[in-house]
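Please read the structure below before turning to the comments.
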Amino acid sequence: MRTRFSPSPTGYFHVGGARSVLYNWFLARQAPGGVLILRIEDTDRERHGEEHVDGIRRAITWLGLDWDEEYRQSERAELYATAAARLFGDGNAYYCSCTREEIDARKKPGDPQGGYDRFCRDRGLPPEGNALRFRVPPGKTVVEDKVRGVVEFDNDNIQDFVIQRADGSALFILANVVDDIEMRITHVVRGEEHLPNTAPYELLWAALGGGTLPVFAHLSVIVDDKRRKISKRRDGDLVVLERYALEGYLPSAMCNYLALLGWSPGENREIVPLDEMVQLFRLDDLNSSSAFFDVKKLRAFNGEYIRALSVDEFIAACEPWANLSREVAPEVQTRVEVLSDVPGLVDWLAAPVEVTTPWPDNSAAMLEGCTAAFETCPWDHDGVKDAIEAVGQANGLKLGKAQAPIRLAVMGKPQGLPITTIALLP
RNA sequence: GGUCCCAUCGUCUAGAGGCCUAGGACACCACCCUCUCAAGGUGGCGACACGGGUUCGAAUCCCGUUGGGACUGCCA
C-alpha cells in the first residue's frame with residue numbers, strides 16, 4: 001500500500017485537500033508497511049514559495065497526521081525529460097508548433113473535441129522550439145474507479161495533450177505519471193476534478209510501461225451553499241484550513257467532520273476517534289455525490305470534542321485564548337463550541353466590565369442588599385448562592401430574577417457563567 | 001458546444017429488490033432539568049427530483065426527462 005498526496009502550495013491549505021490527505025492517511029496507516037508520500041507540486045517559483053510549502057506541512061501536522069516520504073516536482077525535471085524523450089523515440093509523442101490562437105482559429109462549432117485537431121501529428125517537426133504532444137491511440141480507455149465504478153472514454157474525444165513545453169519543462173500530467181510509476185504508487189485518492197484526466201493518465205502510464213495501474217478513487221467535490229465546488233475566490237476563508245485552527249477548532253473534530261463528508265463509519269455512528277476511523281475506513285464505502293461543507297455541524301462536532309476533553313486538556317487547549325483556573329474551566333467547557341469564544345465568557349474575571357444592557361427592575365435594592373450580605377456571608381459557592389437567595393426573598397424575588405442584577409453588575413452581560421463563580425473573585 | 005460525473009429530510013448521511021410506516025446526526029421547535037446561559041434528558045417537524053419500464057414486490061435494477069456539477073491550458 002503506497003499512496004501519495006499532491007498539494008499545490010498556493011498560499012493556503014484547502015479543506016478539500018485536508019479531506020484528501022485524511023483519506024490517503026487512513027489507507028497508509030491501515031496495514032503495516034503502508035506509505036504516505038507527500039508529493040509537492042512546486043514548479044512555479046513565483047506562486048509556490050518556500051513559506052507556502054511550510055504552510056502545507058504545518059496544516060497536515062496540525063490535523064494530527066504525518067507522512068513517510070516527501071519530494072518536490074521541481075527537483076525531478078531530468079526524470080521527466082528522459083521520459084519525454086523516450087515517448088518521442090517510441091513514436092508515442094510528436095512535436096507541435098501550433099499556438100493557442102492557431103488552434104482556436106481552426107476550431108469548428110460542431111467539433112467533438114473542444115481542443116486540438118492533431119494538426120502536427122504527422123509533420124515530423126523537430127524538438128527545437130516546439131511542444132511535445134502525446135499521440136492518443138485509437139480505441140477506448142476504461143477507468144476503473146472505486147467510487148464511480150467503470151467509466152469509459154472514447155479516445156476520439158481525448159485530444160493529443162501536451163506533455164512537455166517548448167522550453168523542455170514537463171507538464172503536470174507527465175510529471176505525475178512518471179512519479180507515480182517510479183514511486184510504485186498503488187492507490188490514487190484525489191478530487192473528482194481529476195477524473196477526466198485519468199484517461200490521459202492511463203494512456204501515458206501504458207506508453208511508459210508502468211505495469212499494473214494504481215487503484216483510483218475520485219472523491220466527490222465539497223460544495224458551498226450554492227452547490228458549487230468551494231473556492232477561495234468565491235467563498236473566502238471558508239475554504240482555508242488555517243482559519244479553523246485560528247478560531248479554535250480542535251484538529252480531532254475537524255478530522256472527524258471532514259471524514260464524514262462522503263463517508264460513513266456505519267451503524268449510525270458519527271463521532272468516531274481517529275484511530276478507529278483508520279480501522280473502519282474502506283474505499284468501497286465512499287459516497288459519490290457532492291457534499292455541502294456545513295460549518296454549523298462542524299461547530300457542533302467541535303463542541304462535543306471540547307466537552308470530551310479532560311479539564312487539564314481543556315485548560316491547555318485554551319492557552320492561546322485565555323488562562324483558566326481549574327475552578328472555572330469546567331464551567332466554561334460546557335459553554336463553548338469554539339475556543340475563541342472562551343475570552344468572552346471569562347473576561348470579567350480579569351478586568352472591570354462596562355454595563356451596556358438596561359438594568360432590570362429592583363436592581364438598586366438587590367445590589368444594595370447583596371453588597372451588605374456579601375460582607376458577612378461565607379465566600380464560597382453555597383454562601384454566595386444563599387446570600388443572593390435571601391436578599392431576593394426580602395425583595396419578593398425568586399433566585400432566577402434575583403441574580404440578574406448581580407450578574408449584570410459583575411459580568412456586564414445578562415447571561416454567562418453561573419453567578420456563584422463570583423465566589424472565585426478575591 | 002463536446003466529454004464525463006451526480007441526484008434520500010434544509011444539511012451530512014444509512015439504505016446492495018421484500019427487514020422501510022425510509023433509520024441516525026446537525027439545524028429548527030416544544031417540554032423536562034435549572035440561579036442566567038449552556039450542557040444533559042424526552043419528544044416533534046422533516047426526504048426517496050420527475051416519467052416510463054423490469055419484477056409478485058423498487059429508494060434500491062434499466063431507459064428517458066429535468067436539475068446540479070466537473071473537465072475541456074505550452075496551470076498545478
Side-chain angles (χ1 to χ4, degrees), chain A residues 6-10 41-44 47-48 73 96 98-100 103 107-116 130-133 143 145 147-149 151-154 156-159 161-167 169-173 175-176 191-199 218 220-221 223 225-229 257 260-271 287-301 303-304 307 330-337 345 384-385 388-389 392 398-404 406-408 411 413-420:
Chain A
S6 315
S8 177
T10 46
E41 297 164 1
D42 65 338
T43 50
D44 188 337
R47 291 161 63 212
H48 305 159
Q73 194 176 314
C96 167
C98 300
T99 61
R100 190 74 239 169
I103 295 169
K107 227 190 298 189
K108 288 188 274 299
D111 270 352
Q113 58 220 41
Y116 182 62
N130 293 324
L132 186 64
R133 283 184 185 272
V143 175
D145 187 275
V147 347
R148 316 278 149 193
V151 183
E152 203 177 82
F153 295 90
D154 192 327
D156 288 344
N157 290 321
I158 303 171
Q159 56 176 306
F161 50 96
V162 176
I163 55 178
Q164 190 182 43
R165 297 185 188 87
D167 69 3
S169 61
L171 265 87
F172 173 73
I173 181 95
N176 210 168
E192 189 189 12
E193 62 271 20
H194 292 284
L195 183 58
N197 298 328
T198 308
H218 286 95
S220 52
V221 292
V223 297
D225 56 349
K226 295 192 182 63
R227 291 261 127 201
R228 303 188 55 149
K229 184 176 149 190
Y257 176 70
L260 263 31
L261 253 30
W263 176 72
S264 162
E267 291 169 13
N268 285 339
R269 298 215 300 149
E270 289 204 324
I271 302 284
N287 182 309
S288 53
S289 46
S290 54
F292 170 64
F293 189 83
D294 187 0
V295 183
K296 273 192 180 167
K297 184 149 180 172
L298 207 211
R299 274 185 82 97
F301 269 44
E304 288 245 8
R307 273 171 257 128
E331 298 292 357
V332 177
Q333 201 171 354
T334 56
R335 270 162 254 256
V336 293
E337 282 190 315
L345 275 175
V384 170
K385 185 179 171 183
I388 295 174
E389 207 161 12
K398 292 216 173 117
L399 195 46
K401 291 255 185 225
Q403 56 88 41
I406 319 300
R407 167 182 304 283
L408 203 52
M411 301 185 186
K413 294 181 231 8
Q415 81 290 93
L417 263 23
I419 192 69
T420 48

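Protein chains get the first letters and strands the later ones, always in sequence-line order, with residue 1 at the start of each. We use all heavy atoms of the structure for the numbers below, so side chains are in, but hydrogens, waters and symmetry mates are not.
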Exercise for the section: Could you run through nucleotides 22-36 of chain B and give me one letter per nucleotide, 5' to 3': B if any protein heavy atom sits under 4.0 Å from the base, S if only the sugar-phosphate is that close, - if neither? Expected result: -BBBSS-------BB
Handout entry: Atom-pair distance (CZ on A:Phe293; C1' on B:U13), nearest Å
Key = 16 Å
Completion exercise
Rounded to whole Å, CZ of A:Arg227 lies from P of B:A49 at a distance of 13 Å
Exercise for the section: For B:C71 and B:U13, measure between their C1' atoms and round to the nearest Å. Expected result: 27 Å
For nucleotides 4-9 of chain B, give me every protein contact, N/O to N/O, under 3.5 Å, one pair per line with atom names.
{"residue": "B:C5", "atom": "O2'", "partner": "A:Arg148", "partner atom": "NH1", "Å": "2.6"}
{"residue": "B:C5", "atom": "O2'", "partner": "A:Glu192", "partner atom": "OE2", "Å": "2.8"}

Completion exercise
side-chain hydrogen bond (donor to acceptor under 3.5 Å, both in side chains) filter on A:Ser6, not counting sequence neighbours, yields A:Arg4
Handout entry: Pairing nucleotide - B:U21, Watson-Crick or G-U, each distance under 3.5 Å
Key = none
Handout entry: A:Gly400 versus A:Gln403, closest heavy-atom pair with distance
Key = O-NE2, 3.0 Å
Handout entry: Side chains of A:Leu345 and A:Val332 in contact at under 4.5 Å (non-hydrogen atoms)
Key = yes
Exercise for the section: State which residues pass side-chain hydrogen bond (donor to acceptor under 3.5 Å, both in side chains) with A:Gln73; sequence neighbours excluded, sorted by chain then number. Expected result: A:Arg39
Practice task
Find the partner of B:U55: check Watson-Crick (N1-N3 plus N6-O4 or O6-N4) and G-U wobble (N1-O2, O6-N3) distances, both under 3.5 Å, and reply none if neither fits.
Solution key: none
Exercise for the section: Searching all strands shown, indicate the nucleotide that pairs with B:C31 (Watson-Crick or G-U wobble; both distances under 3.5 Å). Expected result: B:G41
Practice task
Go through B:C71, B:U13, B:A76 for me and flag the one nearest to the A:His194 side chain.
Solution key: B:A76
Handout entry: Nearest-Å distance for atom pair CZ/C1', residues A:Arg307 and B:G40
Key = 9 Å
Problem - Euclidean distance, atom CD1 of residue A:Ile103 to atom C1' of B:U72 [Å, nearest integer] - result: 13 Å
Completion exercise
note: A:Gln164, atom CD; B:G73, atom C1'; distance rounded to Å ~ 16 Å
Fill in the blank from the handout: pair_partner(B:G64), Watson-Crick or wobble, both distances < 3.5 Å, evaluates to B:C50
Fill in the blank from the handout: With sequence neighbours left out, the residues meeting side-chain hydrogen bond (donor to acceptor under 3.5 Å, both in side chains) with A:His48 are A:Ser8
Handout entry: Integer-rounded Å distance: B:A76 P and A:Arg47 CZ
Key = 8 Å
Practice task
Tell me whether the guanidinium CZ or amine NZ of A:Arg227 lies under 6.0 angstrom from the six-membered ring centre of A:Phe292 and within 45° of its axis.
Solution key: no
Handout entry: G-U wobble or Watson-Crick pairing nucleotide for B:U36 (cut-off 3.5 Å, both distances)
Key = none
Practice task
Look at all strands and tell whether A:Arg133 reaches a base, only sugar-phosphate, or nothing, counting heavy atoms closer than 4.0 Å.
Solution key: sugar-phosphate
Problem - Short side-chain N/O contact from A:Gln159 to OP1 or OP2 of B:G73, under 4.0 Å - result: yes
Exercise for the section: Any strand is fair game: report the nucleotide pairing with B:A76 by Watson-Crick or G-U wobble, both distances under 3.5 Å, or none. Expected result: none
Problem - Watson-Crick/G-U partner (both atom distances under 3.5 Å) of B:C4 - result: B:G69
Handout entry: Same-atom distance (P) from B:G17 to B:A59, integer angstrom
Key = 13 Å
Problem - Whole-Å C1' distance, B:C12 and B:U54 - result: 33 Å
Exercise for the section: In whole angstrom, give me the gap between the C1' atoms of B:C48 and B:C20. Expected result: 11 Å
Handout entry: Residue closer to the 5' end of RNA chain B, A:Ser6 versus A:Ser220 (nearest nucleotide)
Key = A:Ser220
Practice task
Between B:A27 and B:U3, how far apart are the C1' atoms? Round to whole Å, please.
Solution key: 38 Å
Practice task
For the pair A:Asp294 and A:Lys297, find out whether any cationic side-chain nitrogen is under 4.0 Å from an anionic carboxylate oxygen.
Solution key: no
Problem - Rounded distance in Å - CD (A:Glu193) to C1' (B:C75) - result: 14 Å
Practice task
Spell out, as yes or no, whether a donor-acceptor pair under 3.5 Å connects the side chain of A:Asn130 to the backbone of A:Ala166.
Solution key: no
Exercise for the section: For A:Arg335, check side-chain hydrogen bond (donor to acceptor under 3.5 Å, both in side chains) against everything at least two apart and list the hits. Expected result: A:Glu331
Exercise for the section: Please work out whether the ring planes of A:Phe172 and A:His194 are parallel, tilted or perpendicular, with thresholds of 30° and 60°. Expected result: tilted
Problem - Side-chain N,O (A:Arg165) to OP1/OP2 (B:A76) below 4.0 Å - result: yes
Handout entry: C1'-based separation of B:C29 from B:A76 [nearest Å]
Key = 48 Å
Problem - C1' atoms of B:G44 and B:C9, separation to the nearest Å - result: 14 Å
Practice task
Report the distance from atom CZ of A:Phe161 to atom P of B:G2, rounded to the nearest whole Å.
Solution key: 23 Å
Handout entry: C1'-based separation of B:C4 from B:G46 [nearest Å]
Key = 34 Å
Exercise for the section: Salt-bridge test for A:Glu192 and A:Arg148: reply yes if a basic N is under 4.0 Å from a carboxylate O, no otherwise. Expected result: yes
